[in-house]
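In what follows, a structure is listed as structure tokens, so that the remarks can point back to it.
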Amino acid sequence: MNMSGKLRADIRPGLEVDIVLKQDQRTGKRTRGIVKDILTNSPQHPHGIKVKLTNGMVGRVQEIIQPK
């Protein structure tokens with residue numbers, strides 16, 4: 001399993017992930033949360049699959065922390 005978050009097949013609701021929010025892309029600051037929805041339709045994305053977390057924040061997955 002690729003833990004980088006670039007493949008849609010690796011991501012599903014309930015996973016704990018680190019994402020980069022749009023406003024944090026320049027600094028690379030990461031935000032941790034639980035995936036609620038997957039927003040990217042393509043099977044992969046070079047900057048990470050875009051997801052919505054359970055707290056409502058949207059960003060691109062940088063790392064999968066803990067597969068459930």
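Numbers for residues simply follow the sequence, beginning at 1.
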List for me each residue that meets side-chain contact (heavy atoms from CB on, under 4.5 Å) alongside T31, sequence neighbours excluded, and say none if there are none. I19, L21, D24, K29, M57
Can you list the residues that meet the side-chain contact (heavy atoms from CB on, under 4.5 Å) rule with S42, with sequence neighbours excluded? T40
Provide the full list of ring pair (Phe, Tyr, Trp, His ring centres under 6.0 Å) pairs with a residue in residues 19-47, sequence neighbours left out, each pair given once. H45-H47
So, using side-chain hydrogen bond (donor to acceptor under 3.5 Å, both in side chains) as the criterion, who are the partners of Q25 when residues are at least two apart? none
Just to verify, what does R30 make a side-chain contact (heavy atoms from CB on, under 4.5 Å) with, not counting sequence neighbours? D18, V20, Q62, E63
Would you give the length of the straight line joining atom CD1 of I65 to atom CD1 of I34, rounded to the nearest 0.5 angstrom? 10.0 Å
Quick one, T54 with V35, criterion side chain to side chain contact (heavy atoms under 4.5 Å, CB included). Give me CA distance, side-chain angles, the key distance, then yes/no. CA-CA 6 Å; T54 53; V35 176; over 6 Å; no
For residues 6-39, which residue pairs pass the ring pair (Phe, Tyr, Trp, His ring centres under 6.0 Å) check, not counting sequence neighbours? none
I'd like to know if the side chain of R60 reaches the main chain of G48, judged simply by a donor and an acceptor atom lying under 3.5 Å from each other, with no hydrogens or angles considered. yes
Note, I49 side chain near I38 side chain (heavy atom, < 4.5 Å): yes
After noting the C-alpha distance and the side-chain angles of I64 and D10, does the key distance pass the side chain to side chain contact (heavy atoms under 4.5 Å, CB included) rule? CA-CA 9 Å; I64 299 168; D10 291 344; 3.8 Å; yes
Say you draw a straight line from CG of L53 to CZ of R32; how long is it, rounded to the nearest 0.5 Å? 11.5 Å
Can you list, by chain and residue number, the hydrophobic cluster partners of L39 when the side-chain cut-off is 4.5 Å? V58
